[in-house]
Amino acid sequence: MLNQVHRVILVIIVLFIFVSIIREIVVPEDFGVAGHFRYSNIKEWEQLEPKLVGEYKETCATCHTKQFKEWNEGIHAGISCETCHALVGNVERYPGRLHLSNPSKYKMSKDSRELCLRCHEKLESRPKFIKQVISEQHAPKGKCTTCHNPHNPIKPLLINKYKTNISLITNKCNPCHVGTIYRLQALAKEKDSESILDFLYSVRHPGYSVVSTIEKEEMKKIIEELSERKVEEKRIEKKTGTTKIIENRCNVCHSDTISKLRNSLKIRGFDGTLDFILSDKHPGSFMIKDISRETLKDILNEVK
Amino acid sequence: MKVSRRRFIKMLSVVSVAFFIKSKIDKVFAKEEKKKKRYIMVVDINKCIGCGSCVIACKLENEVPLDAEVYRTWVERYIVTKDHKVYVDSIKGGIDAYKKNPIGKEIKKEDVIKTFFVPKLCNQCENPSCVQVCPVGATYKTEDGVVLVDRKWCIGCGYCIQACPYGARFFHPVVKTADKCTFCYHRIKKGLKPACVTVCPTRARIFGDKMNPNDEVYKILKNEKVNVLKPETGNEPQVFYIGMSKEVR
């Protein structure tokens with residue numbers, strides 16, 4: 001009787017010791033230090049190497065000063081370099097840190113069409129604050145960078161640059177209302193600059209504190225430029241109609257349409273130029289589809 | 001053994017001093033408790049443009065294969081129509097951005113009341129149901145509130161994947177364990193922002209420590225109306241949404 005009890009107890013003790021030894025071997029030392037898990041795993045996660053440069057975009061500026069400056073002044077300044085250069089592209093995609101370690105081995109991608117349309121293709125679900133285009137109408141094919149500087153796309157490349165420091169507006173005002181330039185321009189066409197200034201620098205404007213960091217004179221110059229902004233063009237003497245079309249339609253993209261035309265006439269000849277302007281080869285053709293061949297003929301005749 | 005009165009008083013005073021010191025120490029620790037970090041994310045639905053940059057950045061940063069249909073973070077598109085039907089789609093998690101528009105084709109344009117994008121990720125819950133169901137203790141919550149998976153310890157049973165009410169966990173096709181968003185633990189511990197936050201072009205994602213009064217997220221939680229996904233589960237999610245309508249689940 002007693003013997004049996006002893007035996008059972010012995011078996012239990014042996015089992016207990018056996019299980020304890022197994023547990024000691026299998027379960028790591030730091031298990032259960034701070035909870036029911038392996039404590040050193042936190043360190044293992046912590047010690048992984050970051051791959052994206054992230055918010056330290058200044059690192060890119062050490063080698064790419066020009067691009068950084070353009071970007072910093074432009075409307076895309078809120079967008080990390082890597083959003084455009086590491087994520088999209090048909091080549092291998094490399095996060096910034098790899099590029100830093102060996103720039104020519106790990107090239108960053110610089111695709112533009114697919115990239116721009118990720119953010120700018122017209123979609124119902126997309127909030128209205130971001131400007132959107134219907135790609136088939138706006139630029140049916142080719143790169144977006146023929147006409148836009150990706151680092152500062154606000155105005156297409158071909159037309160004249162602003163004289164005043166327009167980046168003050170894009171950098172300081174845009175966080176509160178997107179598209180400030182165009183709102184300001186619309187307003188400047190209606191009201192005189194003094195009354196706009198009065199409003200902006202008064203407490204009635206919720207952005208007062210930000211606006212007051214800009215010199216009033218500077219702001220005045222910007223507003224005046226916006227109100228007068230029209231593309232300069234050497235007027236063609238005599239005749240009507242033509243000037244208007246060139247000014248209103250072609251100059252949206254070209255600042256020197258006439259010399260372009262003359263140049264093209266020399267290279268392509270009369271019919272060649274006509275064909276070119278209307279064909280898909282001309283990047284601007286989508287915006288001038290409504291101008292008839294006859295009208296263009298008149299223009300060419302005049303310019304010639 | 002006999003205790004003299006003197007000795008008794010001595011002992012009493014030593015014991016009371018000891019208790020006093022202990023209570024002080026406790027208080028100091030309690031203060032440290034308050035200084036503890038609690039990482040959270042705030043997502044502003046009004047700002048998301050559905051470009052999918054976060055989805056790719058996350059995969060690159062955390063070595064989740066780009067072409068595998070598993071995501072640590074993903075973007076959903078919601079379309080709510082007049083008859084209160086809700087259409088939700090997430091084409092490849094939004095990794096290729098949303099280009100096609102179902103509105104005007106399958107869904108009539110005039111029927112649409114509202115439509116928007118919702119970025120999603122692991123909610124790093126205060127009471128994570130995934131941690132409760134793990135049979136081996138391979139998933140846990142750190143002191144700063146991030147839920148992690150121990151890749152060496154996970155046996156790949158998949159209970160946690162089932163248990164998550166948000167579908168935020170998946171089976172990692174390469175490592176062959178359960179996997180999920182870590183808030184980029186290796187970045188945030190070095191003072192960097194999570195990958196998805198750094199690449200977002202419109203600052204729709206904001207990351208921070210909600211215990212720190214100087215942090216942006218602290219101020220947002222204090223001043224703005226924020227919601228969480230599926231509050232009824234009792235998981236207490238720590239990813240907060242601004243501008244979320246009731247259709248979002």
Side-chain angles (χ1 to χ4, degrees), chain A residues 27-28 31-32 34-57 76-84 86-89 92-98 114-130 132 134-135 175 178, chain B residues 45-53 55-57 60-63 66 77-79 96-104 109 112 114-117 131 134 136-143 146 148-153 182 184-187 189-190 192-195 197-203:
Chain A
V27 177
F31 201 92
H36 189 59
F37 64 97
R38 204 163 56 87
Y39 193 66
S40 54
N41 184 243
I42 300 184
K43 271 273 159 325
E44 286 166 22
W45 279 111
E46 242 178 89
Q47 276 159 359
L48 292 179
E49 272 306 311
K51 298 193 182 57
L52 293 172
V53 170
E55 57 266 47
Y56 294 99
K57 300 148 198 147
H76 276 162
I79 305 172
S80 152
C81 309
E82 281 166 323
T83 309
C84 294
L87 307 183
V88 188
E92 280 283 346
R93 311 175 206 201
Y94 299 115
R97 271 169 213 266
L98 274 181
E114 198 211 335
L115 172 75
C116 307
L117 291 176
R118 286 178 80 91
C119 298
H120 288 291
E121 181 70 272
K122 177 91 188 124
L123 284 182
E124 288 297 326
S125 316
R126 205 153 256 173
K128 300 286 171 289
F129 72 83
I130 178 159
Q132 297 158 46
I134 301 169
S135 57
V178 189
Chain B
I45 293 180
N46 301 323
K47 286 191 184 152
C48 178
I49 60 171
C51 68
S53 301
V55 184
I56 309 182
L60 276 184
E61 179 71 38
N62 295 299
E63 292 182 339
L66 279 171
R77 168 165 58 191
Y78 277 73
I79 301 173
D96 292 331
Y98 289 85
K99 284 171 192 146
K100 298 226 175 60
N101 213 349
I103 301 173
K109 198 170 173 176
V112 177
K114 53 186 166 185
T115 165
F116 46 85
F117 294 107
V131 171
C134 181
V136 294
T139 185
Y140 56 93
K141 203 174 90 203
T142 64
E143 282 173 346
V146 181
L148 296 176
V149 180
D150 186 342
R151 285 187 169 171
K152 290 202 188 125
W153 208 236
T182 60
C184 285
Y185 204 67
H186 57 298
R187 294 181 68 89
K189 279 298 184 183
K190 297 183 178 74
L192 300 162
K193 295 258 160 68
V197 175
T198 69
V199 300
C200 181
T202 55
R203 277 173 59 78

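By convention in this document, chain letters (A, B, ...) are assigned in the order of the sequence lines, proteins followed by strands, and residues within each chain are numbered from 1.
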Side chain, backbone, both or neither: which part of [X] has an atom under 4.5 Å from a heavy atom of chain A?
X      : value
B/C48  : backbone
B/S53  : both
B/V136 : backbone
B/R151 : both
B/K114 : neither

One option among A/L117, A/L123, A/N41 has the most heavy-atom pairs under 4.5 Å with chain B, and it is A/N41
Under a 4.5 Å cutoff for heavy-atom pairs, which residue among A/G35, A/C84, A/P50 has the most contacts with chain B?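 Top option by heavy-atom pairs under 4.5 Å: A/P50.
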Separation between [atom1] of [X] and [atom2] of [Y], rounded to the nearest 0.5 Å:
X      : Y      : atom1 : atom2 : value
B/I56  : A/T83  : CD1   : OG1   : 10.0 Å
A/R118 : B/Y98  : CZ    : OH    : 11.0 Å
A/L52  : B/C184 : CG    : SG    : 8.0 Å

Turns out that what part of A/E124 lies under 4.5 Å from chain B's heavy atoms comes down to both
Check whether any side-chain heavy atom of [X] lies under 4.5 Å from a side-chain heavy atom of [Y], and answer yes or no.
X      : Y      : answer
B/E61  : A/P95  : no
B/Y140 : A/I42  : yes
B/N46  : A/P127 : no
B/L60  : A/Y94  : no

Q) Is a side-chain donor or acceptor of A/S80 paired with a backbone partner of B/V199 at a separation under 3.5 angstrom? A)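 No; judged by distance alone, with no hydrogens or angles, the pair does not exist.
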| query | Is the CZ atom of A/F31 crowded by more than 12 outside heavy atoms at less than 6.0 Å? | reply | yes
Kindly give the heavy-atom pair with the smallest separation between [X] and [Y], and that separation in Å.
X      : Y      : result
B/H186 : A/L48  : CB-O, 3.4 Å
A/F129 : B/I49  : CZ-CG2, 4.0 Å
B/R77  : A/S125 : CD-OG, 3.2 Å

Residues passing the salt bridge (charged side-chain N to carboxylate O under 4.0 Å, His left out) test with B/K189, sequence neighbours excluded, are B/D144
Those residues at least two apart in sequence (or on a different chain) that pass salt bridge (charged side-chain N to carboxylate O under 4.0 Å, His left out) with A/E44 are A/R38, B/K152
Side chain to side chain contact (heavy atoms under 4.5 Å, CB included) between A/E46 and B/Y185: does it pass, once the steps are laid out? CA-CA 6 Å; A/E46 242 178 89; B/Y185 204 67; 3.9 Å; yes
Looking only at B/G50, B/A195, B/A57, the option with the highest number of non-hydrogen pairs under 4.5 Å against chain A is B/A57
- Task: Indicate, with yes or no, if the rings of B/W153 and A/F37 have centres closer together than 6.0 Å.
- Result: no
**Message:** Between A/K51 and B/E63, does any side-chain N to carboxylate O distance fall below 4.0 Å?
**Reply:**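 Yes, charged N to carboxylate O under 4.0 Å.
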